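Down below is the structure, laid out as structure tokens.
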Amino acid sequence: MTTALRRLRNYIDGEFRDAADGRTTEVVNPATGEPYATAPLSGAADVDAAMAAAEAAFPAWRDLIPAERQKVLLKIADRFEERAEELIAAESENCGKPIALVRSEEIPPMVDQIRFFAGAARMLEGRSAGEYMDGFTSIIRREPVGVCAQVAPWNYPMMMAVWKFAPALAAGNTVVIKPSDTTPASTVLIAEIIGGVLDELGHSRGVFNVICGDRETGRLMVEHKVPAMASITGSVRAGMQVAESASKDLKRVHLELGGKAPVVVFEDTDIAKAVEDIATAGYFNAGQDCTAATRVLVQESIHDEFVAALAKAASETKTGAIDDEDVLYGPLNNANQLAQVKGFIERLPAHAKIEAGGEQVGEKGYFFAPTVVSGLKQDDEIVQNEVFGPVITVQSFADEKQAVQWANGVEYALASSVWTKDHARAMRMSKALDFGCVWINTHIPLVAEMPHGGFKKSGYGKDLSAYGFDDYTRIKHVMTSLDG
């Protein structure tokens with residue numbers, strides 16, 4: 001007996017629709033490797049329709065007083081809480097994530113982030129007026145940029161959708177968002193929730209639109225004449241393509257791309273605590289996190305002890321199905337990602353040593369064992385490039401100068417951490433590390449009030465915080481004569 005696949009649909013101007021030409025793709029549950037749904041493979045006609053809806057809805061949404069937009073966002077947050085179990089189920093099937101972890105680690109921060117930006121909506125002001133030329137007063141207006149074309153990734157499809165739509169809507173923009181072709185289910189459910197709130201409060205449902213599709217769909221969105229801004233969370237390659245496409249008509253671009261976070265562990269560190277925290281931050285979400293603690297640099301005097309402890313922690317870390325007990329992470333997202341992680345392990349140089357893991361787990365789904373690799377050199381492929389899997393590499397450094405050189409010696413610059421009891425050293429390192437975030441004696445906590453974003457090939461622009469809110473606004477100077 002064959003189970004019928006669920007049918008996901010685009011959400012355009014308040015209506016669920018198939019792709020105009022009827023094309024679909026299969027959506028696979030990574031925990032089983034089997035398809036469970038179909039989603040539209042949207043083309044130019046679908047992008048045109050979504051952009052037209054967002055463009056038509058923009059003037060009225062822009063002109064709302066901020067308190068009204070705040071009401072919408074607060075109501076959306078309430079609905080997320082009320083329908084949390086539906087969102088959890090959709091995301092677990094989307095990504096194969098353990099249900100308990102989605103419930104505890106994703107729903108609460110998502111709701112909090114929406115409420116944060118609901119508050120930010122009422123802080124949409126420019127600097128105070130002033131006279132800088134005799135007989136004239138200048139004021140600054142901060143305004144929404146317009147329609148935003150947004151592309152979310154597959155590692156946190158639900159939360160990254162929040163990071164995109166919440167500041168954009170709060171600032172008065174309208175949105176067309178595309179989830180990854182491998183993880184559309186939770187974003188389609190979000191569309192239902194947001195559309196219901198907009199309808200309930202008497203606003204155009206064209207304020208928020210979802211179109212499903214592949215890389216080509218994303219390109220059509222970014223190159224479309226309507227959006228004033230393109231925002232993507234994804235790979236460096238995808239970000240570079242978006243920047244190139246957006247340059248054709250000088251769209252504003254917001255890029256949150258890859259990472260290769262250094263975790264610098266000095267000899268005075270509490271090894272047991274550091275290992276416990278680093279293992280969690282490295283293996284959480286199967287290491288599919290741009291800030292994951294997967295590149296560890298350990299001072300040589302404690303290297304062997306640290307590696308032994310980390311390998312033991314890896315061997316005690318569990319991966320498994322969505323309803324398994326005591327599971328830290330689920331499968332890799334898709335077959336291509338599993339092949340990529342395997343490839344890094346298969347291509348390890350002779351001087352590298354696998355201390356734990358290094359193999360696929362089970363015959364069903366895309367599970368990979370918690371892995372530790374030691375003996376690596378700075379120019380090794382696995383040190384320089386993002387694995388995006390549950391693989392922690394370890395290098396040994398001699399002193400602070402070498403630690404800084406190696407930590408900064410990659411093309412990514414999103415996040416980093418320093419582990420030491422020496423406050424002065426921690427402050428020196430936080431200045432020297434060329435990354436958008438530096439954690440001290442911790443790794444991976446995020447809060448809505450603080451910015452998330454990197455430098456170099458990790459992209460530009462900030463998510464979360466007032467800085468992320470600012471990214472979705474533009475600045476206008478208004479000067480008036482005082483002569484009447």
Side-chain angles (χ1 to χ4, degrees), residues 109 113 150-157 159-164 166-168 180 222 229-244 246-247 252-264 278 281-282 284-285 287-297 378 382-389 392-393 403-419 426 429-440 442-472:
Q113 289 153 9
Q150 302 183 318
V151 179
W154 48 251
N155 58 333
Y156 293 100
M159 187 179 292
M160 294 302 98
V162 168
W163 286 21
K164 296 198 176 302
S180 167
V222 172
M229 178 175 178
S231 172
I232 177 177
T233 299
S235 67
V236 172
R237 181 185 67 174
M240 293 172 73
Q241 290 171 343
V242 165
E244 182 179 359
S247 70
R252 182 181 295 196
V253 178
H254 180 282
L255 302 174
E256 199 278 278
L257 309 177
K260 194 68 181 175
V263 181
V264 184
I278 292 167
F284 188 82
N285 204 43
Q288 298 171 128
D289 189 313
C290 298
T291 63
T294 55
R295 181 167 66 104
V296 179
L297 307 172
Q378 181 66 13
I382 201 169
V383 168
Q384 290 294 317
N385 297 325
E386 188 173 33
V387 178
F388 224 55
I392 297 178
T393 64
V404 170
Q405 180 185 354
W406 285 358
N408 290 340
V410 295
E411 293 185 327
Y412 303 92
L414 182 58
S416 59
S417 64
V418 179
W419 299 75
M429 292 293 293
S430 68
K431 179 182 178 182
L433 288 170
D434 189 21
F435 296 83
C437 174
V438 180
W439 287 291
I440 298 173
T442 188
H443 194 109
I444 225 165
L446 295 171
V447 292
E449 294 84 354
M450 290 292 109
H452 174 84
F455 314 136
K456 293 160 60 174
K457 285 193 176 179
S458 289
Y460 42 82
K462 297 297 183 184
D463 289 313
L464 303 177
S465 79
Y467 299 98
F469 181 65
D470 285 350
D471 279 356
Y472 287 94

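Nothing here was measured: the structure is a model prediction, and the numbers come from that model. Hydrogens, waters and symmetry mates are skipped; everything else that's a heavy atom, side chains included, is used.
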Donor-acceptor pair, side chain of [X] and main chain of [Y], under 3.5 angstrom:
{"X": "Gln378", "Y": "Val383", "value": "no"}
{"X": "Glu256", "Y": "His452", "value": "no"}
{"X": "Ser180", "Y": "Ala152", "value": "no"}
{"X": "His443", "Y": "Thr291", "value": "yes"}
{"X": "Trp439", "Y": "Pro445", "value": "yes"}
{"X": "Asn155", "Y": "Gln288", "value": "yes"}
{"X": "Gln113", "Y": "Ala448", "value": "no"}
{"X": "Arg295", "Y": "Ala407", "value": "yes"}
{"X": "Lys457", "Y": "Val410", "value": "no"}

**Request:** Could you give me the CA-CA distance, side-chain angles and deciding distance for Leu297 and Val263, then say whether side-chain contact (heavy atoms from CB on, under 4.5 Å) is met?
**Result:** CA-CA 6 Å; Leu297 307 172; Val263 181; over 6 Å; no
Taking all atoms of both residues into account, what is the closest heavy-atom pair of [X] and [Y], and its distance?
{"X": "Val447", "Y": "Leu464", "result": "O-CD1, 3.8 Å"}
{"X": "Val253", "Y": "Ala246", "result": "CG2-CB, 3.3 Å"}
{"X": "Asp471", "Y": "His254", "result": "OD2-CD2, 3.2 Å"}
{"X": "Ala432", "Y": "Asn408", "result": "O-ND2, 3.0 Å"}
{"X": "Phe435", "Y": "Leu414", "result": "CD2-N, 3.6 Å"}
{"X": "Tyr460", "Y": "Ala243", "result": "OH-CB, 4.0 Å"}

**Request:** Walk me through it: do Val296 and Trp419 pass the test side-chain contact (heavy atoms from CB on, under 4.5 Å)?
**Result:** CA-CA 11 Å; Val296 179; Trp419 299 75; over 6 Å; no
**Prompt:** Checking side-chain contact (heavy atoms from CB on, under 4.5 Å) for the pair Ser235/Phe388: CA distance, chi angles, key distance, verdict?
**Reply:** CA-CA 10 Å; Ser235 67; Phe388 224 55; over 6 Å; no
Could you check whether atom [atom1] of [X] has more than 12 heavy atoms from other residues, nucleotides or ligands sitting under 6.0 Å from it?
{"X": "Glu244", "atom1": "CD", "answer": "no"}
{"X": "Lys462", "atom1": "NZ", "answer": "yes"}
{"X": "Glu411", "atom1": "CD", "answer": "no"}

**Asked** Is there a donor in the side chain of Ser231 and an acceptor in the side chain of Tyr472, or the other way round, less than 3.5 Å apart?
**Response**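 Side-chain D/A pair, Ser231 to Tyr472: present.
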**Flag for Ser458-Lys260: side-chain donor and acceptor within less than 3.5 Å** =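 The answer is no; no qualifying pair exists.
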Nearest-0.5 Å distance, [atom1] of residue [X] to [atom2] of residue [Y]:
{"X": "Ile444", "Y": "Asp289", "atom1": "CD1", "atom2": "CG", "answer": "4.5 Å"}
{"X": "Ser417", "Y": "Leu433", "atom1": "OG", "atom2": "CG", "answer": "9.0 Å"}
{"X": "Cys290", "Y": "Glu386", "atom1": "SG", "atom2": "CD", "answer": "5.0 Å"}

What I'd like to find out is whether the side chain of [X] reaches to under 4.5 Å of the side chain of [Y], using heavy atoms alone.
{"X": "Leu257", "Y": "Tyr412", "answer": "no"}
{"X": "Val242", "Y": "Val151", "answer": "no"}
{"X": "Val387", "Y": "Thr294", "answer": "no"}

**Message:** For Lys164 and Thr233: C-alpha separation, side-chain torsions, deciding distance, then whether side-chain contact (heavy atoms from CB on, under 4.5 Å) applies.
**Reply:** CA-CA 9 Å; Lys164 296 198 176 302; Thr233 299; 3.0 Å; yes
**Request:** Determine the interplanar angle of the Phe284 and Tyr156 rings, folded into 0 to 90°, and report it as parallel if under 30°, tilted if 30 to 60°, perpendicular if over 60°.
**Result:**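 Geometry flag for Tyr156 against Phe284: parallel rings.
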